Amino acid sequence: MTDWTCKQVILDLLIEYEDGAMTAEDRADFERHIEMCPPCVRFLTTYRATGKTLKLLKPEEIPSDLAHSVLAFVRARTKRESGS
């Protein structure tokens, strides 16, 4: 795959890359893009740090009112974006 855009790298391929599900050729192309694209490097670094931080959280430590508020926000936003 050639001529990748940042949108393709970050939105379409990041999970595949992190899970090790890419072909060797696609992985090499992905890594070449990352090496030449400082914004993608910063995003990848932040993405990984966020994942590590989230793994440290334990569900029972999240107050139930906060969990309900976040879920309500996500549901409202999803409904608004889908036009329902």
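Predicted, not measured: the structure shown is a model, and the values here were computed from it. If you read the sequence from its start, that first residue is 1, and numbering goes on from there.
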Candidate pair Arg27 and Thr23, rule side chain to side chain contact (heavy atoms under 4.5 Å, CB included), full reasoning: CA-CA 6 Å; Arg27 187 171 191 81; Thr23 65; over 6 Å; no
Item to complete: Spell out, yes or no, whether Leu56 and Leu54 are grouped together once hydrophobic residues are joined by side-chain heavy atoms under 4.5 Å, including indirect joins.
Response: no
Q. Transitively linked via ILVMFWY side-chain contacts under 4.5 Å: Phe73 with Val70?
A. yes
Taking it one step at a time, do Leu14 and Leu44 satisfy side chain to side chain contact (heavy atoms under 4.5 Å, CB included)? CA-CA 8 Å; Leu14 182 60; Leu44 182 58; 3.3 Å; yes
To the nearest 0.5 Å, atom CG of Asp26 lies from atom CD of Glu16 at 7.0 Å
| request: Look at atom CD1 of Ile15 and say whether more than 12 heavy atoms of other residues, nucleotides or ligands are closer to it than 6.0 Å. | output: no
Considering only heavy atoms from C-beta outward, does the side chain of Tyr47 approach that of Glu18 to under 4.5 Å?
yes
Item to check | Common cluster, Met36/Met22, ILVMFWY with side-chain heavy-atom separation under 4.5 Å | outcome: no
Note to self: With no hydrogens and no angle check, just 3.5 Å: does a side-chain donor-acceptor pair link Glu31 and Tyr17?
What the structure shows: yes
Notebook entry, point to check: Stepwise, does the side chain to side chain contact (heavy atoms under 4.5 Å, CB included) test hold for Phe43 with Ile34?
Noted result: CA-CA 10 Å; Phe43 185 87; Ile34 292 292; over 6 Å; no
